[in-house]
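Report on the following structure.
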Amino acid sequence: MTNTGLHDPRHLYPHPPFAKQPQAAPGLDAKMTPGADHGEDSYKGHGRLQGRRALVTGGDSGIGRAAAIAFAREGADVAIAYLPAEEKDAQEVIELIEAEGRTAVALPGDITDEAWCGELVERAAKGLGGLDILVINAGHQQTRESIDKVSTADFDETMKTNLYAMHWIAQAAVPHLPAGAAIITTASIQAYEPSAALLDYATTKAGIVAYTKALAKQLIEKGIRVNAVAPGPIWTPLQPSGGQTQQKVQKFGEESLFGRPGQPVELAAVYVLLASQEASYITGEVYGVTGGRGVA
Ligand code: NAD
Ligand code: MG
């Protein structure tokens with residue numbers, strides 16, 4: 001696809017049925033069939049983030065990867081945080097950032113560790129020479145059919161990854177952020193329409209919405225904007241690596257108004273807008289990219 005011309009959005013990108021494709025969490029983009037589109041061949045920058053310095057958690061794959069590629073093409077230097085098991089995906093993103101002539105910083109580590117959350121922010125700020133865009137996007141999602149199947153360890157991992165790490169990373173980053181900086185969190189349609197089998201995950205996503213709105217009220221006092229993006233079904237490794245059952249992966253996105261899942265690239269422009277100076281009157285908002293379901 002090109003960025004010129006008009007296309008019926010229902011007819012873009014792959015549609016279900018998809019093949020079953022189980023993989024262990026964290027999933028790898030490299031193992032997805034069909035492969036996901038993060039804008040590698042299509043996203044064109046327009047200098048909207050010239051000279052900016054961005055940290056994207058979960059920037060190796062999926063939605064974070066699309067944001068990282070777009071940020072670099074808009075002129076930003078970009079640090080990506082990810083798990084060590086995702087090095088292969090991460091290296092591809094590092095190469096794409098560097099191909100734009102921008103600085104890339106790789107930050108492998110586990111964000112369920114508070115000390116690492118502080119350290120990754122310091123390393124990002126040092127490697128980039130400052131920080132003015134923070135995308136808190138890393139997430140953990142495992143489907144469990146009933147309440148008795150959600151162990152304390154499961155619940156803890158979801159809370160630690162999606163809520164505690166968000167707080168630890170934001171807390172470490174705020175002292176670095178100048179007026180005009182932007183924080184973007186990644187919530188979900190699950191905050192508004194929770195699925196039965198995503199009890200713990202949906203709870204964290206509702207928490208992310210509340211945290212984002214509260215932080216926006218605090219940080220406007222420093223001239224910093226804070227917004228959330230709420231995706232619907234997006235074709236990323238989160239889903240086949242336990243985020244959904246394999247039966248649901250086969251039909252993934254079928255229930256959206258488009259009859260297909262969204263691709264990560266279809267969120268890139270939203271992250272760019274919320275990060276950019278052009279969004280100067282936008283804070284405490286939740287921006288839906290849900291495939292027509294809306295956010296309430
Ligand atoms: P993804 O698997 O590509 O990205 C999630 C990333 O989280 C991983 O790449 C990994 O680097 C990171 N991560 C997970 N646990 C970590 C840990 N302990 N330490 C460090 N990093 C860790 O999948 P995605 O769908 O692009 O997910 C990005 C965000 O989008 C998540 O917050 C997810 O909840 C949200 N989201 C996704 C969908 C969807 O349908 N794919 C829908 C709504 C919201
Ligand atoms: Mg990944």
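Atoms within each ligand, like the ligands themselves, are counted from 1 in listed order. In this chain, residues are counted from 1 in sequence order.
The nearest protein atom to atom 34 (O) of ligand 1, hydrogens excluded, is given as Y201 OH, 2.5 Å; this is a heavy-atom distance. Residue, atom and distance of the protein heavy atom nearest to atom 4 (O) of ligand 1 are S61 OG, 3.9 Å. Atom 19 (N) of ligand 1 has as its closest protein heavy atom I111 N, 2.9 Å. Of all protein heavy atoms, the one lying nearest to atom 6 (C) of ligand 1 is G58 CA, 3.8 Å. The nearest heavy-atom contact from the protein to atom 24 (P) of ligand 1 is T236 OG1, 3.3 Å.
Contacts between W235 and ligand 1, counted as non-hydrogen atom pairs separated by less than 4.0 Å, are absent for every part of the residue. At a heavy-atom distance under 4.0 Å, only side-chain atoms of T161, from C-beta outward, approach ligand 1. Residue A187 touches ligand 1 through its backbone alone, judged by heavy-atom distances below 4.0 Å. Counting heavy atoms closer than 4.0 Å to ligand 1, residue P26 contributes nothing at all. When non-hydrogen atoms are compared, ligand 1 lies under 4.0 Å from the side chain of Q239 (C-beta onward) but not from its backbone. Residue-level proximity to ligand 1 for E86 is carried by the side chain, the only part with a heavy atom below 4.0 angstrom. Contacts of N137 with ligand 1, taken as heavy-atom pairs under 4.0 Å, involve both backbone and side chain. For L238, heavy-atom contacts with ligand 1 shorter than 4.0 Å involve the backbone as well as the side chain. With a 4.0 Å cut-off on non-hydrogen atoms, F252 touches ligand 1 through its side chain and not its backbone.
For ligand 1, none of its N or O atoms has an N or O atom of Q141 under 3.5 Å away. Note: no N/O pair closer than 3.5 Å links T112 and ligand 1 by distance alone. The shortest N or O to N or O distance between G232 and ligand 1 is under 3.5 Å. In terms of N/O distances under 3.5 Å, ligand 1 is approached by I63. Residue D110 has at least one nitrogen or oxygen atom sitting less than 3.5 Å from a nitrogen or oxygen atom of ligand 1, judged on distance alone.
Residues E98 and R102 are not paired through a salt bridge, judged by the lack of any N-O separation under 4.0 Å between the basic side chain and the carboxylate.
Between Y13 and E266, the side chains place no donor N or O within less than 3.5 Å of an acceptor N or O (distance only, hydrogens not considered). Counting only N and O atoms by type, the side chains of Q246 and Q21 include no donor and acceptor under 3.5 Å apart. Judged purely by distance below 3.5 Å, without hydrogens or angles, the side chains of T203 and D200 never pair a donor atom with an acceptor atom. Checking Q190 against S195 by side-chain atom types alone, a donor-acceptor pair falls below 3.5 Å. In this structure, a donor-acceptor pair under 3.5 Å is absent between the side chains of E95 and Q91. Using modelled atom types and a 3.5 Å distance limit, the side chains of N162 and T204 yield a donor-acceptor pair.
Taking 4.5 Å as the limit, every side-chain heavy atom of Y201 sits out of range of all side-chain heavy atoms of V150.
Distance check, rounded to the nearest 0.5 Å: NE2 of H167 to CD1 of I136 gives 10.5 Å.
Closer than 2.8 Å to the Mg ion (ligand 2) sit the protein N, O or S atoms D60 OD2, S61 OG, E86 OE2.
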